Amino acid sequence: MTARWLFLFLLGVAGSAVLQVHGQADSLGFISIDCGLPGKTGYIDSTTKLSYATDAGFTNTGTNHNISAEYVTPTTGKIWRSVRSFPDGLRNCYTLRSLVPGLKYLIRALFKHGNYDGRLNRWPIFDIHIGVNYWQTVNITDGDMPVIAEIITVISGDSVQVCLVNTGSGTPFISSLELRPLKNKLYPQSDMSQALVLATRANVGASANLRYPDDPHDRIWISLNVPSWMAISTTKEVQNSVIDFFEVPSTVTQTGVTSINSSTPIIFFWDVTSAKDSMPGYVFMLYMAELQHLPSNALRQFYVKLNDKPWDTKPRGLKYLETTVLYNEKPDYASQQYIFSLEATTNSTLPPILNALEIFSVVPTTGLATTTQEISAMTTIRDMYQVKKNWMGDPCAPKNFAWNGLHCGYAVSRPPTITGLNLSSSGLSGNISSSFASLKGLQYLDLSGNNLMGSIPDTLSQLSSLTLLDLTGNQLTGSIPSGLLKRTQDDSLTLRYGNNPNLCSNGNSCQPPKKKPRSMVVVHIVVPIFVVLIIVLLSILLLCMRKRRQGTTTNSVRPQNESIDNYGHTSLRLESRRFTYSELEVITNGFQRVVGRGGFGKVYDGFLEDGTQVAVKLRSESSNQGVQEFLAEAQSLAKIHHKNLVSMFGYCKEREYMALVYEYMSEGALDEHLRGKDNNTRTLSWRQRLLIALESAQGLEYLHKGCNPPLIHRDVKTSNILLNTNLEAKIADFGLLKAFNNDSDTHVSTARVVGTPGYVDPEYYATFQLTSKSDVFSFGVVLLEIVTGQPSIPNDPEPTSIIQWARQRLARGNIEAVVDIHMHGDHDVNSVWKVADTALKCTAQAPEQRPTMTDVVALLHECLELEDARNHMNARFYTAGSDTNLNNYSQYDTGMSTDVSQSRTALEAEHFDRVPRMSDGPAVR
Ligand SMILES: *[C@@H]1O[C@H](CO)[C@@H](O)[C@H](O)[C@H]1NC(C)=O
Ligand SMILES: *[C@@H]1O[C@H](CO)[C@@H](O)[C@H](O)[C@H]1NC(C)=O
Ligand SMILES: *[C@@H]1O[C@H](CO)[C@@H](O)[C@H](O)[C@H]1NC(C)=O
Ligand SMILES: *[C@@H]1O[C@H](CO)[C@@H](O)[C@H](O)[C@H]1NC(C)=O
Ligand SMILES: *[C@@H]1O[C@H](CO)[C@@H](O)[C@H](O)[C@H]1NC(C)=O
Ligand SMILES: *[C@@H]1O[C@H](CO)[C@@H](O)[C@H](O)[C@H]1NC(C)=O
């Protein structure tokens with residue numbers, strides 16, 4: 001605070017013409033940038049009296065342009081006259097600094113094309129991102145009409161990037177960028193995990209637009225007038241109520257409209273324009289204040305309805321000169337249109353009133369950024385070597401915008417990590433930066449074919465995951481530092497350093513002190529994984545073709561300890577690779593990143609020598625999963641293989657250490673997607689859910705029918721269904737797998753009941769009869785979770801089984817009462833019914849009434865066909881892509897010019913013109 005006052009004082013002394021250029025924020029904490037303005041000197045805007053800076057210091061890419069003369073009139077504000085455009089690179093960013101972490105901000109980007117590039121009628125469409133999160137799509141449809149993109153969001157760091165993303169539909173550009181701090185209590189619907197994107201903000205019944213200083217938060221309130229509405233106003237101040245989350249200025253609520261008489265409602269509506277991937281949810285704020293002092297016999301009382309249903313529980317009566325705000329805390333999802341109707345009650349003698357309104361869509365802001373440590377290392381490297389690649393924005397996120405030459409690892413619920421850096425032949429010169437050693441997750445570093453000089457820093461040897469360091473073809477001098485030499489000796493690192501004429505010369509020995517000398521290039525021999533896979537496949541074929549008849553099941557699959565321990569003498573050795581513990585340490589970078597946890601222990605993220613990402617499941621000392629179960633899983637996994645079962649690359653059994661190395665399933669478990677534990681992912685669509693259900697059913701069917709002897713999983717649940725990058729489902733966790741005797745299809749176990757509460761077949765509980773129908777039962781629970789998004793034991797209001805929960809609701813014939821609201825009603829009702837019905841069949845009390853997994857697979861195929869038939873008819877809802885690309889619904893007209901009063905008439909006229917264009921603003925009828 002002191003600093004701000006000091007700054008104010010200095011400003012006073014130096015005169016208001018002096019602007020800070022790099023300090024970014026002004027005394028109000030506002031940042032105002034006039035993009036494309038040449039030079040370094042800003043100016044004071046004549047209307048708002050706010051200081052606008054040039055964009056020097058905020059971005060270092062792009063080119064300045066002036067808009068064409070035909071788009072400039074005397075009332076065109078200065079901010080609109082220049083733009084910065086970004087013809088190069090996918091993503092270009094502005095960095096806004098010195099923010100308060102955890103504070104809420106209003107950030108506004110303004111765009112007026114003005115034919116700056118002289119290519120009339122070629123208007124661009126591009127995306128903007130806030131940090132690593134999608135903000136909105138900017139759709140320029142005309143050279144004159146400004147587009148305002150505004151977001152209200154909580155910023156977690158001390159800076160934020162606003163990025164313009166070229167989506168292949170024209171060059172991104174920007175006219176102005178503004179940031180205004182808000183109090184955190186304002187707009188409570190915006191929090192750490194979601195932001196509000198402005199659709200419209202209307203000052204109803206007003207004659208002019210308003211912003212700072214009328215609104216201390218500098219929101220732009222656009223005047224909205226409709227001929228059928230009667231404007232009313234007062235000169236008296238209108239108060240906000242004591243509990244107020246919006247701080248609407250009195251100047252906005254002093255004007256309003258009523259309908260013509262009390263039998264006519266005020267109606268306005270908002271069209272949802274087609275969305276590519278998902279329908280946005282909306283929040284609305286309706287501001288109403290009584291502006292007339294009413295006689296005692298008069299009554300103004302009205303209902304607010306949304307799409308013909310009461311939006312508000314009771315009829316509204318208003319207080320004189322006090323604003324009432326009606327808003328929804330949770331977003332509403334309507335399929336096409338939001339029609340608001342303010343209707344007077346029968347007792348009311350006066351028509352309803354409306355003073356202002358705001359409409360926002362809600363966007364998730366849960367994308368994870370790379371750690372600041374890695375970002376700053378990469379920034380240092382970029383700046384030091386002047387890397388000529390388009391390295392802008394976050395290095396790893398979002399995934400499809402990762403920097404060129406960078407390889408990142410993405411784990412569930414963890415920030416992405418840089419795992420590979422390839423700067424070969426990139427024109428680097430100078431020393432090897434110490435910042436490379438800050439990239440702790442680095443597995444390969446390729447600096448070959450550059451002009452690097454000086455000695456090799458030994459700090460690189462501390463990168464414990466590093467398996468390949470390529471320094472070939474540089475001008476390096478000195479010798480190989482001892483730490484790196486040691487790493488090459490124990491084979492944890494491949495070092496290539498050939499073609500450096502002055503390296504290891506003049507008595508600088510590059511040989512290890514002891515041990516036999518090695519050649520210049522230390523070759524790290526990697527057992528090719530595909531050979532291992534082929535062997536695994538072959539043995540599965542053998543296993544599944546050979547009919548093994550066993551009197552008891554206990555020893556058919558359950559492995560003998562010795563068979564694994566006697567490395568070199570067992571079939572297991574042929575079937576999968578055996579890792580040593582130290583190899584696992586290298587693969588997982590010292591067991592650094594935990595991607596999952598189970599009764600068994602932790603699961604770590606890792607990379608094989610060839611870069612294949614793997615998950616390493618390490619048994620913990622305290623694990624309640626015994627050695628037996630561990631070995632059972634190792635044995636089972638080595639023998640069975642199916643595209644819908646998680647496959648194993650190898651295992652480790654060394655002293656007390658036991659671990660399994662599986663294929664990496666980057667999207668984590670299904671339950672996280674259904675219940676949003678993983679903030680990185682979006683809600684699954686119905687079609688995605690159907691595919692996941694079908695694929696996991698196929699995996700189970702294979703266990704039951706495809707192998708001999710058949711196998712029962714015994715722990716089918718949503719957390720054991722894992723998803724890969726393409727959201728393909730695979731069944732995991734075979735620790736409880738049991739083979740059962742095919743002849744009687746029954747296995748009598750004397751052991752304790754295993755499985756997870758909420759999923760266990762009641763019949764199994766009662767009789768200890770374990771059959772494949774027990775898996776079918778558990779799978780029925782999985783299907784119900786997929787339909788409802790509820791956990792297997794919902795708390796509604798008491799903990800109950802999801803089966804009962806769903807049965808009760810479905811019995812009333814109301815499918816919508818159970819369907820996950822996150823699907824926003826975007827599904828074929830028949831296909832949902834069919835899945836729900838299948839789930840109920842699977843969870844029938846009597847095992848013989850339950851279908852087999854083969855039946856379930858067939859039923860799910862039919863469900864998918866139903867859903868696809870609908871999608872063919874309704875193609876706009878269906879997209880396989882993973883990018884949200886919401887329509888641009890926030891374009892609207894603003895007369896924000898240096899002189900609002902002069903442009904007022906033009907504005908009003910435009911507003912009348914624009915009323916019938918429903919998608920651009922709230923329409924009125
Ligand atoms: C834009 O116009 C101003 C003067 O109005 C001029 O100084 C500036 O150089 C022009 N910028 C470009 C990129 O042409
Ligand atoms: C209210 O206004 C409507 C539309 O002008 C008119 O049709 C209706 O008769 C009016 N009702 C009353 C009670 O004045
Ligand atoms: C309308 O007035 C009647 C009589 O005063 C009262 O009983 C009724 O509750 C009122 N209706 C509403 C909706 O306020
Ligand atoms: C780095 O990129 C070059 C050129 O694309 C390629 O030849 C080389 O194999 C890459 N290095 C690594 C380690 O992937
Ligand atoms: C580069 O490295 C050499 C020796 O390794 C050192 O003397 C020199 O100061 C370094 N230069 C820079 C710019 O760091
Ligand atoms: C852009 O706006 C135009 C006109 O409203 C519309 O036809 C088009 O579909 C929009 N494009 C996108 C990608 O939203």
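Since we're looking at a predicted model, the values are computed, not measured. Along the sequence shown, residues carry numbers from 1. Side chains are part of it too, since the values below use all heavy atoms of this structure and drop only hydrogens, waters and symmetry mates. Indexing begins at 1, ligand by ligand and atom by atom, following the structure's order.
The protein atom (non-hydrogen) at minimum distance from atom 9 (O) of ligand 4 is Asp446 OD2, 4.6 Å. Protein heavy atom in closest approach to atom 13 (C) of ligand 2: Ser263 OG, 3.8 Å. Closest to atom 5 (O) of ligand 4 among all protein heavy atoms lies Asn422 ND2, 4.6 Å.
Taking a cutoff of 4.0 Å between a charged side-chain nitrogen and a carboxylate oxygen, Lys440 and Glu374 do not qualify as a salt bridge.
In summary, the atoms of ligand 6 found under 4.0 Å from a heavy atom of Ile125, numbered by their order in the structure, are 11 (N), 13 (C). The contact set between ligand 4 and Leu468, taken as ligand atoms under 4.0 Å from a residue heavy atom, comprises 13 (C). For ligand 2, the atoms lying closer than 4.0 Å to a non-hydrogen atom of Asn261 are 1 (C), 2 (O), 3 (C), 8 (C), 10 (C), 11 (N), 12 (C), 14 (O). Near Asn139, meaning under 4.0 Å from one of its heavy atoms, ligand 6 places the atoms 1 (C), 2 (O), 3 (C), 8 (C), 10 (C), 11 (N), 12 (C), 14 (O). Numbered from 1 in the order shown, with element, the atoms of ligand 4 that lie under 4.0 Å from a heavy atom of Tyr444 read 13 (C). Listed by atom number, the atoms of ligand 2 under 4.0 Å from Thr264 heavy atoms are 1 (C), 2 (O), 3 (C).
Closer than 4.0 Å to atom 11 (N) of ligand 2 lies at least one heavy atom of the protein. Atom 2 (O) of ligand 4 lies below 4.0 Å from at least one non-hydrogen atom of the protein. Distance remark: protein heavy atom not present below 4.0 angstrom from atom 7 (O) of ligand 2.
Under 3.5 Å, the side chains of Thr417 and Arg593 contain a donor-acceptor pair of N or O atoms. For the residue pair Ser465 and Asn589, a side-chain donor N or O sits within less than 3.5 Å of a side-chain acceptor on the partner. No side-chain donor from either of Thr167 and Asp127 sits under 3.5 Å from a side-chain acceptor of the other. There is a side-chain donor-acceptor pair under 3.5 Å between Asp605 and Gln613. For the residue pair Ser448 / Asp446, a side-chain donor-acceptor distance below 3.5 Å is found, with atom types taken as modelled. For the residue pair Asn499 and Thr472, no side-chain donor N or O sits within less than 3.5 Å of a side-chain acceptor on the partner.
With Phe340 as the aromatic partner, Lys305 does not meet the cation-pi criteria of under 6.0 angstrom to the ring centre and within 45 degrees of the ring axis.
Neither the backbone nor the side chain of Asp470 comes within contact range of ligand 4; no heavy atom lies under 4.0 Å.
Relative orientation of the Phe173 and Phe111 rings is perpendicular, given thresholds of 30° and 60° on the angle between their planes.
In this comparison of Gly405, Gly420, Ser448, Ser424, the heavy atom closest to atom 4 (C) of ligand 4 sits on Ser424.
At least one heavy atom of Thr141 lies less than 4.0 angstrom from ligand 6.
Side chain of Ser492 to backbone of Asp490: no donor-acceptor contact under 3.5 angstrom is found.
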